Amino acid sequence: MPTEPPAAAPVSTPTLKDALRQARDELIQSTKLARGGFAAVATYSERLDDLIRGIYATARTHTDTPHAIAAVGGYGRKHMCLHSDVDLLIVFDGSIGAPEERLLKSILHPLWDLRLDIGHHVRELAEVQTVETDNPEFLIAIRDARFIDGDAAVFDQFSDHCLRPGSPWEAPTLTALRDLVTQRHTQFSHTLYHLEPDIKDAPGALRDVSARHIIDGIAKPGRPAEFRAGRLAEAEDFMLRIRSVLHLERRRNLNVLSHELQESVAGIFGSPGDPPKRQVESLMSAYFHHARIIARSLAVSVKSLTSTSQTDPTPISDDLLRLGDEISFTDGTRASLRPRTWLGAFEAALDQNSAVSDQALTCIERHGERYPPEQFFPSSIERDQLLRVLHPRTGLYARLSEMHACGLLGRMFPEFQKVYCLVIRDFYHKYTVDEHTLRTISNVESLCTPKTRSRKRFSGLLDEVDRPELLVLALLFHDVGKWTNKNHSEEGVRMALGALRRIKLPETDIVTIEFLIRHHLQMSVTAFRRDTDDPTVVHRFAQVVGTEARLKLLCLLTLADVEAVGPDVMTPWKEELLWRLYVDTYNHLTLGYGDEVIDPNAASLVALLEERPDDIERPALERFLDGLPQRYLRSIDPARVFEHARLARNLGSTDVRCSLEQTGEVWELAVMSVDQPKLYSEICGVLSFYGMDILRGQAMSNAHGVAVDVFQFTDQDGFFRLNASGPDDFRYRLQDVVAGREDIDRTLRPKEQGLPRRRSNGVKLVVHVDNQYSDRFTILEIVTQDAWGLLYRISRVISRHDCDIDLVLVSTEGSRAIDVFHLTKAGAKLTDSDADALRATLETALEGPS
Amino acid sequence: MKMIKAIVRPNKVDDVKDALAKNGISGMTVTEVRGHGRQRGHSAVYLGSEYEVSLLPKMEIEVVVPNDLVDDAIEAIMQAARTGEIGDGRVFVIPVEQGRIIRTGEKNVV
């Protein structure tokens, strides 16, 4: 209920000017000390109240009609900055005639003379019986109506009509508010991240706070302030303090925190002694921190208007349930004591295409700080759950954003928290470092549903990547090193290694992520700033990358990273440059590697020789590696190189030595033997006989005639799993076949004849023969649908054409097999007619029945 | 005054910028463009399939210079952008009737 204000004495214009000047001086003094927040603007608002009361003391005599004067809008909220509009509502309990007009003029003219910007609404009480649905600004402005002077009973009647709980004005007000918020946010592209934000209108700025208060005032009248209310008040105060400075500096009601004004505001807010750039970065970091609090707070309130609390909960597990389209904790108290279960809420939300509820997020936010990072990953179960969560799919960005907003991401990985709201000031990074990071992941997510033909090329790469969650993990850490002024790639590696070892990620995965973080700028620098028409540039880049798998990951990371700098940064022009570098490098790695044998003086070889085990003598290792392609050392880790060298030791002409190891579902076979015709075909035949599905493989030989064949395959039919002696049977048969004691063609013939005709499944057969790319080899590239015995059939055709298979790279990506053979015939490249004949036979063999 | 429009390789922009700066020319407009000259692009192979790369990514640099600096500017651009290979680009010179600085209204100042 409004209280009757003390009767004010009439005041003259010079006195009014003095009073206003004094009020403004007070606010200016506070603003210059960075204290132009709540308290200062409220005091200034009250000074204006007094001013208006002084004017009204003279004007009130013009009419006997009961009336009330109220502040509305920002003035009603007491948020008056130096040049804010003074929004007034004058309500009459009776019709408006000449005396009432005189009253209005007597109030408004002195205010205009003071050069205040006045917005005024005049109503009769009878008018407010009808809801003004066509005037959304008025509906919203009166929610903050505050009595200033006049007849308090008239204001009470107005409030009773328009503002009481249950009033017919409420629903239209909420509708109008939501529409206006949407329109306003659309103007700002629905993001709070702007290089020059509008402190009043942008998402996460002052109007959003006001909207949130109005929604809660209507939806939850009399409800106690919630957990985040304190932080919201801090955020609002921060925004008001900035706005006060903007009004002081611009001398107008302009609220854009421009680059220029960021320096002025930072100078007032900042720490003395800090360089201006640092002060601005701190200011903008604080701005985005507070804007996020406001934006999230409003989002929660808006969501509450449409919540489906009537829906019955559906249990998901002991800890989780689904309510409407949200995942909640079954028991918040129990969940607060079991941080290892929190990640499960996000996984369930991703699985069910839902959001995580505010109940769960608030629980995590409240209790997260009690737990050190280790407690979120007590075992490999939680680590594997994290990897599942990070697998690119629809909703990943939204869930990670929730995880970050409630603090869980920063609790699990304090390394990531280091870049919370971190601003690097330049004129093209639109987002804070943490938001940039999450947007890189959003960009990977969007490749799951590519919108353009150009993007489908990159989307195809994502499909071909074995463990895309490692890409997401690398993106999560790729910029964490920006918290210092050091080389951020190296600092990022250092920080990521700590985090990844803490969650006990396998070392091979860590090596991949380490590579991606360390080189995350390399591909964009090469593509956009180097002459990629120069083969040397591509050659050097290929040497850094090493393998196609890493190339694909780095290409995707680069695309996602550059695109997340700002909305228009990854232009189609840059996309084309990136793709061209990818293709040139891919071709170099798959078609051109045969010409690059291991350099005896290469640093990598010297290091390998130094770290060799005692049982391998240096000359033996050097002899084994002599003439092998550089690719061998890039793709095979040292421990396996040493194992291969042991197998190749004193190899007899009919010896076949192999190692067979299992990692998870994948088996790796390494075969060492003296190189001979049909060898590769025979090994493939034996693998086919046992029903093994070859995923990847490479074959090569050294300068001393030792063939090195390495295959990764899965045991599709479970032969090894179901037969304890399976691996030994395999070895014996392989030795018999290579030694000529068994004809694998004859063994396989019945099985081949019994297979049904293959279907293409959308993979178009490509058989491409290139006699230009390599100086030493004819290169045969085959892309076709994967099928049983495919490699065996291809290599058998090649052998029947009397071609020698010098090098092989095979990979299977989904249902597509990509095989690259480096061939010679009688020690030289194939003639064009030989190449044509081989291609024709292969096309017939691969298009015909299997 | 003349406008010099140069189409150069993307990686040569910084070299051209530096070369112009040494000749006292600092203002410029740089645009990402795609096109082809007489070489009309080329074909590339990926996964065994050939495809045409008909429009190649290039950078377009526009500078407006006084008449007495035109030859020096062209020479600077050509030296900085040349590799000797096909695809180094083009330089065009176009007459400019008038120029204004929007902020001050100053006339014919480059």
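Lettering follows sequence order; numbering is per chain, from 1. Because the structure is predicted, anything quoted here is derived from the model rather than measured.
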> Can you give me the closest heavy-atom contact between P57(B) and E576(A), atom names plus distance?
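Scanning both residues completely, I find the closest heavy atoms to be CG-CG, 4.1 Å.
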
> Tell me, for R529(A) versus chain B, whether the close heavy atoms (under 4.5 Å) come from the side chain, the backbone, both or neither.
both

> Rounded to the nearest 0.5 Å, what separates atom CD in E85(B) from atom CG in D533(A)?
8.5 Å

> Has E260(A) got more than 12 heavy atoms of other residues, nucleotides or ligands less than 6.0 Å from its CD?
no

> Can you name the nearest heavy-atom pair linking W573(A) to K58(B), along with the distance?
NE1-O, 2.9 Å

> Does any part of the side chain of K764(A), heavy atoms only, come nearer than 4.5 Å to the side chain of S49(B), both counted from C-beta?
no

> Considering residues, nucleotides and ligands other than M28(B), do more than 12 of their heavy atoms fall under 6.0 Å from its CE?
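Enclosed.
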
> N587(A) versus chain B, heavy atoms under 4.5 Å apart: side chain, backbone, both or neither?
side chain

> Between D770(A) and chain B, which part of the residue has a heavy atom less than 4.5 Å away: side chain, backbone, both or neither?
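Neither part; nothing is under 4.5 Å.
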
> Check each atom of R457(A) against the heavy atoms of chain B and say whether the ones under 4.5 Å are side chain, backbone, both or neither.
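Interface part for R457(A): neither.
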
> Kindly compute the distance separating OH (Y46(B)) from CD (E781(A)), expressed to the nearest 0.5 Å.
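The CD atom of E781(A) is 9.5 Å from OH of Y46(B), to the nearest 0.5 Å.
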
> How long is the gap from CG on L47(B) to OG1 on T590(A), to the nearest 0.5 Å?
8.0 Å

> So which bits of residues 10-19 of chain B come within less than 4.5 Å of chain A, counting non-hydrogen atoms only?
P10(B), N11(B), D14(B)

> Given a strict heavy-atom distance threshold of 4.5 Å, which part of Y773(A) is in contact with chain B: side chain, backbone, both, or neither?
neither

